[in-house]
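Source: prediction; values computed, not measured.
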Amino acid sequence: FYDTLLNNAGWYERRWNVGEADSLVVLHLMKKKVVYVSMEGAGQKDGSSWSNALDGETATADGSTKLADALDSASIGDEFWIQSGTYHACSDYDVEKSFNLNSGVSIYGGFAGTEASLKQRDTLQDPTVFSGNLQNDSILEHFSHNIFITNEQNTINRFIVLDNIHITNGNNSDHSGSALHIGPASSIKLSHSNIYHNFGCAISNEGNFRSDYCMMDSNTVYGTQWDEGAAAFYNKQTGVTNICHCSISYNQSPNDGAVINLGVVTIDSSRIQNNSALLSRIGAIRSNGVLCIYNSELSYNQSYKGISTISAEGLFEMLHCEVNNNQSNLINPLYYWPQKSWAGLYESAHIKTYGDTKVSHCTFTHNSQTAGADGGCLHINGRGFVNNCDFIENTGLGNSKSSFVQWGEDTEESQSGGFGLQVVYNTQDNDGVGIHVEDGYVNVENCLFDRQFGEGGSSASLRNGTL
């Protein structure tokens with residue numbers, strides 16, 4: 001191959017002769033441009049090196065900061081290396097101003113200000129923070145509405161990279177992402193970053209979003225209405241999200257504690273824990289789209305009057321997960337509920353489904369509820385397959401017709417079943433059973449149902465169904 005510098009400075013053309021036919025493959029490559037940034041700057045302050053670092057916190061004529069202006073005019077291939085410190089989008093306290101993100105731009109934090117490569121960073125020692133607290137006070141009305149927002153003219157196939165960037169103290173009430181708003185034309189890769197102490201929905205995604213080794217922690221939604229939304233993450237109908245090796249923890253909202261999904265979300269090798277719905281509904285995740293969870297732990301989530309861990313209204317798959325120590329006053333921890341009005345909220349289970357469901361190689365332990373109806377670990381009202389799962393030492397109080405595996409009224413004949421289940425040492429105080437078939441036909445093979453404790457406790461019961 002050979003390279004040719006094109007007239008457009010910084011772009012190269014790379015050509016290969018391929019095979020006997022002497023075919024030609026042409027690839028245009030970008031020459032990387034690095035902009036070095038510190039809070040106060042250095043030398044000529046043009047960003048050409050650490051010794052001439054751009055003064056990112058200095059105000060411009062329109063009230064924005066120089067870093068905000070530089071990001072707004074950045075081009076594909078530009079990299080910003082940002083020294084540790086706390087950065088803001090403006091100096092004139094305008095809460096509508098944001099850091100704008102353009103396609104193909106990469107922002108790296110965690111620098112001391114001497115590094116020659118990304119590998120030389122000590123990111124724990126030198127954190128880079130983007131804050132919406134414009135006046136350094138505790139008045140939420142003074143916080144930025146969107147700290148980062150993507151450019152509407154972006155191209156979906158060119159990723160924006162945010163690496164070791166911590167985002168805090170954004171505030172809005174319209175679910176548009178107080179920390180990060182991703183529009184439908186944008187793709188973002190977020191890695192080794194912490195999204196924390198934001199108010200309103202912290203991240204809103206309408207495009208393509210991938211998060212690796214990140215924390216979405218301690219974000220809060222205030223209010224008393226049913227539509228207040230999730231505190232950490234809102235994946236909208238056009239959004240496609242992959243979350244891997246992340247922590248989603250200690251988020252709270254009146255109704256949907258951590259996550260709302262209307263599109264497609266995959267969560268792998270992550271922890272979802274200690275999220276809360278302070279009034280009702282779901283403590284951790286509400287999904288109206290496609291939700292897949294793999295190799296993850298869901299623990300210590302709670303709802304004061306609702307579902308402590310998950311409610312789903314679309315396709316649902318959960319493999320190799322641990323569901324433990326979740327708490328709900330009225331409804332059990334994991335719940336799958338398509339096309340049902342919230343008026344029926346009190347009839348639920350750990351998992352309740354009216355759609356296609358697969359739960360495999362999961363463990364449910366020490367989950368509890370204090371009141372409700374139709375409680376239990378698994379309640380299927382449609383097509384559902386469950387295999388090689390353990391339901392051990394879960395507790396439900398004040399329930400009727402409670403069971404730890406239950407097939408409900410809309411079970412499709414010959415299309416549901418369980419294989420290799422172990423349901424033991426669970427406790428209910430009213431009609432607690434190991435397995436219950438309300439209606440339909442269910443095939444269960446190679447399962448153990450033993451030692452269900454409570455009034456009316458037994459291994460199995462039927463109403464109109466066939467087991």
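Atoms CG and CG, from L319 and N387 in turn, are 8.5 Å apart once rounded to the nearest 0.5 Å. Atom CG of N146 sits about 14.5 Å away from atom NZ of K97, to the nearest 0.5 Å. Taking CG from N100 and CD from Q153, the interatomic distance works out to 11.5 Å, rounded to the nearest 0.5 Å.
Side-chain contact, S106 with D163: no donor N or O sits under 3.5 Å from an acceptor N or O. With hydrogens and angles left out, the side-chain atoms of H142 and D137 include a donor and acceptor closer than 3.5 Å. At a cut-off of 3.5 Å, with distance as the only test, no side-chain donor of T365 or T363 sits close to an acceptor on the other residue. With hydrogens and angles left out, the side-chain atoms of S178 and N171 include no donor and acceptor closer than 3.5 Å. Under the 3.5 Å distance criterion, with hydrogens and angles disregarded, a donor-acceptor pair is assigned to the side chains of Y294 and E317. Residues N52 and D46 have side chains that never bring a donor and an acceptor to within less than 3.5 angstrom of each other.
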Could you walk me through whether F209 and F233 pass ring pair (Phe, Tyr, Trp, His ring centres under 6.0 Å), step by step? CA-CA 11 Å; F209 176 60; F233 181 70; 5.6 Å; yes
Derivation and outcome, side-chain contact (heavy atoms from CB on, under 4.5 Å), residues V323 and M318: CA-CA 11 Å; V323 183; M318 187 169 70; 4.1 Å; yes
Decide yes or no on side-chain contact (heavy atoms from CB on, under 4.5 Å) for I195 and L180, but give the supporting numbers first. CA-CA 9 Å; I195 312 299; L180 173 61; 5.8 Å; no
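In this pair, W50 and F111 present their aromatic rings tilted. The plane angle is within the 30 to 60° band.
In this structure a side-chain-to-backbone donor-acceptor pair under 3.5 Å is present from T168 to Y196.
Here the shortest heavy-atom pairing between G177 and S204 reads N-CB, 3.5 Å.
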